[in-house]
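Shown next, in structure tokens, is the structure this report addresses.
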Amino acid sequence: MTRLMRTVVVKSRRVNPILLLVLFSLAVVFTAPFSVRAAQAKITVDVNKPGLAFPPTLHGLFFEDINYGADGGLYAELVQNRSFEDREPLYAWREAANAGAKGRIAVESESPLNANNLHFLRIYVADPGNTGYGVVNAGFDGIVLHAGDHYLFSVYSRRRAGDAAALDIVLEGGDGRILASTNFMGIADSWRNFEATLVSSESVTNARLVVLATQPGVVDVDMVSLFPEKTFKSRRNGLRADLAQALADLKPGFLRFPGGCVVEGKDFSNMYRWKDTIGDVSERKQNWNVWQDNQSPEYNQTYGLGFFEYFQFCEDIGAEPVPVVNCGMCCQARHGPPVPLNQIGPYVQDALDLIEFANGPTNSVWGARRAALGHATPFNLKFIAVGNEQWQQVYFDRYDVFHRAIKAKYPHIKIISDAGPLPNDALWQFAWNKFRSGTQADVVDEHYYVPPRWLYENVNRYDSYDRNGPKIFVGEFAAHDGAARRNNLRAALAEAAYMTGLWKNADEVLMASYAPLFAKAGHDQWHPNLIWFDNSRIELTPSYYVQAQFAQNRPDMVLPGQVEAPKVVESHAGMIGVGTWNTRAEYKDIRVTASDGRVLYASDFTKGLEGWTTAGGDWSAADGALRQNSGGENVRAVLGNPAWTNYTLTLKARKLGGDEGFLVLFQTPDIDHPVWWNLGGWGNTEHSLQGGSLVENHVPGSIEANRWYDIRIELRDDKVKAFLDDRLIHEADNRPIATLYAAAGRDQRTGELVLQMVNPFAESTTASVILNGVGKLGYKARMITLTNPKPDAENSLDKPDTVVPQTSDFSGVAPEFTCILAPYSLTTLRIPQD
Ligand code: AHR
């Protein structure tokens with residue numbers, strides 16, 4: 001929970017009246033206070049009416065090197081820290097001294113391979129023994145080898161003048177057995193590249209690469225590399241075939257790259273500079289990864305998967321490249337600085353050069369570079385994103401400079417602007433005010449990581465966006481289910497429901513991508529993620545299958561129509577609590593009363609903090625009150641049962657000192673995910689409800705010190721009301737969730753009608769489908785269903801098939817037919833038209 005959560009209510013924008021006619025809208029028939037059993041719903045599709053053209057780019061991908069997505073992941077290199085440039089230069093390496101061998105190893109930097117690759121390994125061999133002295137690399141948690149497969153080994157090496165030098169290269173299993181080997185003679189006084197193909201005799205997941213110097217003396221090595229020959233499309237310096245194929249299978253309309261926070265970097269030296277990522281891999285200037293953490297402190301970017309490989313991969317999988325360039329700013333969330341405005345010229349030039357690298361003729365400087373790398377034909381770049389997730393004036397000052405320069409030189413390139421990190425906060429509002437008042441953007445990139453419930457409640461978000469304004473790129477989105485944020489079916493179905501809303505706004509939403517894409521088990525800085533993997537296995541998550549089901553069944557046209565379905569109001573439940581932000585305060589007479597009058601809790605601080613759990617701060621029971629006496633941010637104390645619902649929380653609060661006012665928690669699932677009423681937030685200027693699926697609504701307000709306030713929060717099935725000194729300040733509706741979300745389209749190529757239908761609940765929904773104006777239909781439709789009786793169900797590397805789509809025939813399609821939607825399901829119907 002950060003102060004980024006500030007927001008104001010979303011102002012409604014002008015709605016296109018034609019859109020209203022065309023929209024395949026969700027209509028409420030009735031709302032029910034409690035769970036609806038075996039709901040009946042009606043889907044009407046106006047097959048005979050004009051629809052919305054479906055952008056081929058709507059379903060796409062966002063790749064960022066987070067969670068070991070690149071090195072150790074999609075990039076197929078098997079050796080970790082191959083060029084000894086990690087901050088810990090011998091990271092992933094250790095000495096290999098077989099019986100009798102003597103020597104030492106050191107990372108040196110005199111006369112390096114090149115100016116970007118400043119370190120190399122020096123092996124001093126006193127006595128090579130029987131088998132040699134050198135180093136071992138176990139790759140990224142072990143090297144996977146397949147029996148009979150070919151592996152391309154390469155290394156740069158040189159000897160000390162006058163020494164006789166030779167290298168033995170061995171692939172050995174975990175038990176030390178030799179699985180493949182080669183050797184190199186002819187090592188000279190200056191750097192020379194050696195290559196050999198090794199064929200593994202066995203399949204193992206824990207192999208090691210051993211580099212042994214077999215002559216006494218000194219030998220240097222650098223860029224020690226091992227690649228499977230079987231990369232995606234068999235490319236050299238290529239991508240791990242199974243992971244790349246999983247992406248190709250999603251038929252992505254675009255691929256956003258390379259980030260994410262990685263683009264911004266923590267500081268100037270950590271910013272992503274695309275020019276460091278092309279050319280000979282030994283000359284790429286690697287950097288540390290902004291996602292380094294305690295679990296992966298040596299997380300680095302070799303840039304082996306650089307901009308050339310990226311463009312090539314886009315071409316291989318038919319995706320439009322959507323590069324993100326650094327806009328002269330470091331990561332604002334990490335308090336990184338901006339480049340002074342009068343110094344951003346080189347950053348703008350980098351963006352222009354990137355476009356030239358992608359599209360320029362071969363007689364241009366960067367077009368020639370591309371051609372020299374083996375791709376004379378342009379990559380036909382159409383989009384460029386200026387910055388990732390930046391905000392406020394500091395961003396737009398820089399964005400405008402980029403926009404002017406890019407449009408002046410490349411008027412047809414579509415420019416994507418940021419809109420901050422959240423879907424409806426003040427930073428987002430600031431950005432949209434810009435676009436409404438003259439800031440030019442072809443596309444605006446909105447990001448949101450939100451509870452599943454938010455996605456259901458906001459399925460119609462884009463209905464009201466101004467069709468005369470910029471198009472939308474949902475550049476990063478995912479449902480975060482509760483504190484655990486698991487990749488479960490519940491989250492995936494919410495994403496699916498939300499995507500029906502994207503389809504019906506296909507005239508406004510140009511692109512959307514789930515984030516993040518990859519996570520390596522044991523090296524994840526973030527979850528949930530679309531695809532998990534280890535060195536040999538892949539786990540496709542329910543969210544992956546949702547993306548697949550939508551992308552693989554994308555229509556060319558979204559058809560108008562209606563969905564009529566009962567709606568369910570799910571009770572908001574959760575604990576209560578109090579907190580502060582840079583403020584000292586005390587709370588007393590805290591009482592939780594159920595709607596039937598039962599007292600669930602009445603404070604008695606003579607017994608200390610009994611029942612309370614705290615996070616941060618300095619809490620004590622004093623003078624019958626709960627006192628928080630430190631100035632820290634985001635300090636909380638919670639109490640009660642996460643299942644409490646329909647209650648009234650009353651308390652008295654007094655500010656003792658500090659910058660702000662009170663945080664009063666309610667409907668809080670756990671202490672890490674507070675839902676609160678923020679009184680005197682934003683430097684004691686505003687009040688707002690915040691957290692969970694609440695839409696923030698800021699009103700001006702401040703809290704005085706040294707006086708007691710009466711606070712009351714009424715939590716009901718359909719509403720939250722918040723009172724300060726008996727004055728109603730905030731009221732938020734608990735929006736219902738429909739028992740069916742749907743969208744329909746036509747695949748012009750096959751003539752099929754495509755229906756996407758989501759049932760979020762535990763009971764089946766019987767949908768009557770009416771295809772207005774439809775011609776002759778084929779009898780059998782193809783039905784693809786993603787379901788599981790348990791919404792918590794998820795896949796794992798060990799059990800990847802718990803939630804997978806099932807395909808079956810669906811007989812009996814007619815202009816009017818009935819379809820039963822399984823509990824917790826996404827169902828796709830492909831209906832042939834004769
Ligand atoms: O997707 C993970 C991160 O979320 C991205 O790096 C950033 O853009 C966002 O904050």
Side-chain angles (χ1 to χ4, degrees), residues 71-82 92-101 105 121 123 125 128-157 165-187 193-215 219 221 223-245 281 304 520-522 533-538 797-798:
D71 296 301
L74 183 60
Y75 182 52
E77 172 64 81
L78 295 169
V79 176
Q80 184 164 197
N81 188 18
R82 64 186 174 190
W93 294 95
R94 66 177 168 78
E95 184 190 42
N98 294 316
I105 50 174
L121 181 75
I123 307 174
V125 187
N130 293 335
T131 54
Y133 172 84
V135 283
V136 181
N137 188 294
F140 297 86
D141 307 335
I143 294 175
V144 172
L145 300 175
H146 297 283
D149 277 6
H150 291 204
Y151 295 86
L152 181 62
F153 173 83
S154 70
V155 64
Y156 282 83
S157 187
L167 291 176
D168 273 3
I169 308 301
V170 179
L171 285 173
E172 64 177 29
D175 56 4
R177 257 172 332 134
I178 295 179
L179 309 176
S181 66
T182 189
N183 58 68
F184 300 114
M185 318 284 281
I187 296 168
N193 186 226
F194 296 87
E195 286 187 359
T197 299
L198 300 167
V199 183
S200 178
S201 59
E202 287 179 34
S203 293
V204 293
T205 56
N206 59 352
R208 301 182 286 256
L209 172 75
V210 188
V211 178
L212 297 168
T214 55
Q215 300 290 326
V219 62
V221 292
M223 288 302 292
V224 187
S225 169
L226 183 73
F227 261 88
E229 202 177 73
K230 288 184 184 162
T231 56
F232 186 67
K233 303 245 179 222
S234 304
R235 295 205 179 279
R236 277 195 75 155
N237 192 49
L239 306 182
R240 196 175 128 176
D242 54 350
L243 293 178
Q245 189 57 50
V281 285
K520 184 165 198 171
F533 61 89
D534 62 14
N535 284 339
S536 54
R537 298 174 300 171
I538 302 191
L797 287 168
D798 291 331

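Here the closest heavy-atom approach between residue Leu78 and residue Pro228 is recorded as CD1-CD, 3.8 Å. The shortest heavy-atom contact between Arg240 and Ala76 is N-CB, 3.6 Å. Taking every heavy atom of both residues into account, Phe153 and Val224 meet most closely at CE1-CG1, 3.7 Å. Nearest heavy-atom pair, Leu226 versus Leu171, reported as atom, atom and distance to 0.1 Å: CD2-CD2, 3.6 Å. Closest heavy-atom contact between Ala96 and Val210: CB-CG1, 4.1 Å. For Ala101 against Pro128, the heavy-atom pair with the smallest separation is CB-O, 3.7 Å.
Note that the CH2 atom of Trp93 and the CZ atom of Arg82 stand 11.0 Å from one another [nearest 0.5 Å]. The line from CG of Asp175 to CD of Glu202 is 7.0 Å long, rounded to the nearest 0.5 Å. Note that CG of Leu74 and OG1 of Thr231 are 10.5 Å apart. Values are rounded to the nearest 0.5 Å. Of the inter-residue distances, the one linking Thr205 atom OG1 with His146 atom NE2 reads 9.5 Å to the nearest 0.5 angstrom. Here Ser234 contributes atom OG and Glu229 contributes atom CD; the two are 7.5 Å apart, rounded to the nearest 0.5 Å. Here CG of Asp534 is found 9.0 Å from CG of Asp141. Values are rounded to the nearest 0.5 Å.
The closest donor-acceptor contact from the side chain of Ser201 to the backbone of Leu179 lies under 3.5 Å. Side-chain N or O atoms of Ser203 include one that pairs as donor or acceptor with a backbone N or O of Ala147 at under 3.5 Å. A donor-acceptor pair under 3.5 Å is formed between the side chain of Asn535 and the backbone N or O of Phe140. Checked by atom type and distance alone, the side chain of Asn206 never pairs as donor or acceptor with a backbone atom of Ile143 at under 3.5 Å. When atom types are taken as modelled, the side chain of Asn137 and the backbone of Gln80 share a donor-acceptor pair closer than 3.5 angstrom. A donor-acceptor contact shorter than 3.5 Å is absent between the side chain of Lys230 and the backbone of Asp149.
You'll find the side chain of Gln215 stays beyond 4.5 Å of the side chain of Val125, heavy atoms only. Inter-residue side-chain proximity for Ser157 and Phe184 is flagged as unmet; no heavy-atom pair is nearer than 4.5 Å. Within the 4.5 Å cutoff, the side chain of Met223 has no heavy atoms near those of the Ser154 side chain. Looking only at side-chain heavy atoms (C-beta outward), Phe533 and Leu243 come within less than 4.5 Å of each other.
Around the CG atom of Leu797, the shell of radius 6.0 Å holds more than 12 heavy atoms that belong to other residues, nucleotides or ligands.
Salt bridge absent: Arg537 and Asp242 never bring a charged side-chain N and a carboxylate O closer than 4.0 Å.
Residues passing the ring pair (Phe, Tyr, Trp, His ring centres under 6.0 Å) test with Tyr75, sequence neighbours excluded: Phe227.
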Check your understanding: Step by step, would you call Ile187 with Leu167 a side-chain contact (heavy atoms from CB on, under 4.5 Å)?
Key -> CA-CA 8 Å; Ile187 296 168; Leu167 291 176; 3.7 Å; yes
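Partner Tyr151 forms a side chain to side chain contact (heavy atoms under 4.5 Å, CB included) with one of Val199, Thr197, Leu209, Leu145 and no other, that one being Leu145.
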